[in-house]
Amino acid sequence: MKQLDLLYSGKAKSVYRTENPGELVIKFRDDITAFDGQKKDTLAEKGSLNAGVSTFFFGLLEKNGIKTHLIRKIDDTTMLARNLTMIPLEVIVRNIAAGSMVKNFPIVKGTPLDPPVIVIDFKDDTRHDPMLNDDLVFALKLATPEELRELKQIALQVNRVLRDYLAERGIDLVDFKLEFGKKDGHLFVGDEISMDSMRLWDKKTGESLDKDVYRTGQGDVITSYHHVAARIIT
Ligand code: TYD
């Protein structure tokens with residue numbers, strides 16, 4: 001596998017072509033951002049921590065029969081992934097009320113959500129990722145009714161696998177965001193599943209172990225990420 005030219009550079013990851021058009025190299029950088037990119041930093045080890053956790057979780061999902069873009073981890077900060085046609089949706093699953101749900105709606109932070117709540121945002125930074133509903137998804141031709149049904153079903157399946165795995169390690173999965181892509185008519189989970197894209201609370205102390213540590217500026221986010229990685233990667 002040869003890493004060729006840069007295809008795309010996001011806020012925390014860079015994507016490179018390979019000599020095989022069906023495969024991409026995804027590099028997790030040390031960059032961290034919050035509030036639509038208004039807060040930015042570069043923190044040593046952040047890329048390797050998120051690459052480690054993300055590839056671990058994708059592997060765990062694969063073991064549970066869920067299709068993901070992971071082919072294999074290449075090194076500390078890079079993974080080889082299937083080249084998917086990405087769907088510009090952010091599929092958020094919530095088990096406990098927090099973040100924008102608490103900001104936008106009259107619900108108290110920490111309220112358990114049973115059944116889990118799925119929220120779908122339109123992935124478009126220039127529009128600040130507005131929230132969609134099913135009819136808008138269809139009108140914008142982002143997914144067919146069948147695809148949306150399957151996408152939500154996969155999101156809930158991912159939730160069960162991750163929530164149970166984390167619960168056994170003393171961590172509450174509060175919420176997380178998934179992105180999906182298509183290849184050969186099938187849906188795959190793409191992007192990343194890391195401390196940047198989830199809310200994790202220590203079951204005993206309630207302490208945040210995710211990007212909220214950075215968002216709020218309380219504590220050292222790399223220490224928290226190390227803590228999560230050590231607890232989950234076996
Ligand atoms: P949410 O509460 O909607 O937004 P915010 O984190 O801005 O308050 O986020 C729910 C979960 O989804 C949270 O774990 C962070 C993750 N997420 C992303 O990774 N990227 C995003 O663009 C958004 C909106 C959320």
Task: Expected output: side-chain E90 to main-chain D121 donor-acceptor under 3.5 Å - done: no
TODO: Determine whether the side chains of N95 and N159 contain a donor N or O and an acceptor N or O closer than 3.5 Å.
DONE: yes
Open item on the list: When you measure from the side chain of S54 to the backbone of A51, do you find a donor-acceptor pair of N or O atoms at a distance under 3.5 Å?
Closed with: no
- [ ] Give, for atom CZ of F138 and atom CG of L148, the distance between the pair rounded to the nearest 0.5 Å.
- [x] 5.0 Å
TODO: Kindly say whether D191 contributes a backbone atom to a donor-acceptor pair with the side chain of H69 at under 3.5 angstrom?
DONE: yes
TODO: State whether the side chain of N133 and the backbone N or O of L136 hold a donor-acceptor pair below 3.5 Å, judged by distance alone.
DONE: yes
Open item on the list: Looking at R82 and G22, would you say the former's side chain and the latter's main chain have a donor-acceptor pair under 3.5 Å?
Closed with: no
Task: K203, R94, R163 screened by salt bridge (Lys or Arg N to Asp or Glu O under 4.0 Å) with D172, the one that passes - done: K203
Open item on the list: What verdict does the side chain to side chain contact (heavy atoms under 4.5 Å, CB included) test give for D196 and Y214, after you've listed the backbone C-alpha separation in whole Å, the side-chain angles of each residue and the deciding distance to 0.1 Å?
Closed with: CA-CA 10 Å; D196 276 12; Y214 175 74; over 6 Å; no
TODO: Apply side-chain hydrogen bond (donor to acceptor under 3.5 Å, both in side chains) to the pair K182 and T85, showing each step before the final yes or no.
DONE: CA-CA 5 Å; K182 283 197 285 188; T85 304; over 6 Å; no
Open item on the list: Under a 3.5 Å distance rule, please check whether T18 uses its side chain to pair with a backbone N or O of E23 as donor and acceptor.
Closed with: yes
Task: Under 3.5 Å donor-acceptor, D129 side chain and D124 backbone - done: yes
Task: Heavy-atom neighbours of K183 NZ exceed 12 at 6.0 Å - done: yes
- [ ] Check for a donor-acceptor pair, side chain of N83 on one end and backbone N or O of P21 on the other, with a separation under 3.5 Å.
- [x] yes
Task: Salt-bridge present (D210, R199; N to O < 4.0 Å) - done: no
Task: Sole candidate of D212, T216, V213 that passes side-chain contact (heavy atoms from CB on, under 4.5 Å) when paired with V221 - done: V213
Task: Passing candidate, side-chain contact (heavy atoms from CB on, under 4.5 Å) with T33, options Q38, K39, K11 - done: K11
Task: Contact summary for L151 and I120, nearest pair of heavy atoms - done: CD2-CD1, 4.5 Å
Task: NZ/NE/NH1/NH2 to OD/OE distance under 4.0 Å, K152 and D134 - done: yes
- [ ] Please confirm whether K46 makes a cation-pi placement over Y225, using NZ or CZ under 6.0 Å from the six-membered ring centre and within 45° of the ring normal.
- [x] no
- [ ] Check whether the side chains of K177 and S197 place a donor and an acceptor atom closer than 3.5 Å, and report yes or no.
- [x] no
Task: Check: Y165 ring centroid to F56 ring centroid under 6.0 Å - done: yes
Open item on the list: When you measure from the side chain of R231 to the backbone of R169, do you find a donor-acceptor pair of N or O atoms at a distance under 3.5 Å?
Closed with: yes
TODO: Group every Ile, Leu, Val, Met, Phe, Trp and Tyr by side-chain heavy-atom contacts under 4.5 Å, then state whether V93 and I87 land in the same group.
DONE: yes
Open item on the list: Atom CD of residue position E146 - does it have more than 12 heavy atoms of other residues, nucleotides or ligands inside 6.0 Å?
Closed with: no
